[in-house]
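Structure first, then comments.
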Amino acid sequence: MKILCIGRNYADHIQELANEKPDEPVVFLKPETALVIGNQSVPYPKFTQDMHHELEIVLRINKEGKDISEKDAPDYFDAIGLGVDFTARDLQTKLKTKGLPWEISKAFDHSAPVSEFFPKSEFSDLANLNFHLHVNGEKRQTGNTSLMLFPFNEIISWISRYFSLMPGDLVFTGTPAGVSAVKPGDRLEARLEDKKILDFLVS
Ligand code: MG
């Protein structure tokens with residue numbers, strides 16, 4: 001499986017990092033070795049002093065597809081969860097400044113903890129989903145899918161131009177504002193529509 005991620009999909013987060021607003025989705029990948037499931041703890045990597053949390057809605061792909069239209073996109077994902085796109089911000093900034101790919105700052109081992117997944121039919125409006133992240137009990141991030149620049153169907157359509165989607169692939173859909181550093185010992189709890197579905201430690 002592969003993990004496809006969308007960057008810069010919430011205007012408030014683009015502002016906080018002083019990035020340009022994209023005219024098309026910014027896409028990057030994480031390998032399967034990035035995945036952490038079952039609320040296992042996430043080891044703090046040796047190569048960064050500034051690992052940031054980015055809480056995101058994650059879609060689970062259930063059908064093989066290529067060049068999917070926006071209209072057909074809903075047939076290709078069946079479940080929704082939450083994930084944290086951990087980012088070594090110091091490495092990313094250094095690489096971005098040099099105009100180099102920032103893969104190592106995003107795709108490293110254990111950089112993608114994800115929750116369990118829920119059938120999308122359980123949600124009445126996918127374009128109005130609330131999600132929140134608390135670190136050590138303090139609210140750090142709040143998002144609502146109505147504020148995405150590129151909604152789910154547009155994302156699925158866009159990425160499937162370049163990458164065949166396969167059952168079991170995951171799609172991270174971008175983070176809202178409020179990203180900040182974590183440290184060993186921090187406890188991260190994430191809620192989707194007020195239901196806590198992610199709860200893990202950084203070790
Ligand atoms: Mg992200």
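First listed ligand is number 1; within each ligand, the first listed atom is number 1.
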Which atom, counting only N, O or S, brings Glu56 closest to the Mg ion (ligand 1)? OE2
Looking at Asp85, which of its N, O or S atoms is the nearest one to the Mg ion (ligand 1)? OD2
For Glu54, what is the atom name of its N, O or S atom nearest to the Mg ion (ligand 1)? OE1
Under 4.0 Å between a Lys/Arg side-chain N and an Asp/Glu carboxylate O for Lys120 and Asp78? no
Set out, in order, the CA-CA distance, both residues' side-chain angles and the distance that settles side-chain contact (heavy atoms from CB on, under 4.5 Å) for Val114 and Ile3, then state yes or no. CA-CA 11 Å; Val114 296; Ile3 304 169; over 6 Å; no
Just wondering, are more than 12 heavy atoms of other shown residues or ligands nearer than 6.0 Å to NZ in Lys94? no
Using the rule given for side-chain contact (heavy atoms from CB on, under 4.5 Å), can you reason through Thr145 versus Leu126, listing the C-alpha separation, both sets of side-chain angles and the distance that settles it, and then say yes or no? CA-CA 7 Å; Thr145 52; Leu126 296 185; 5.8 Å; no
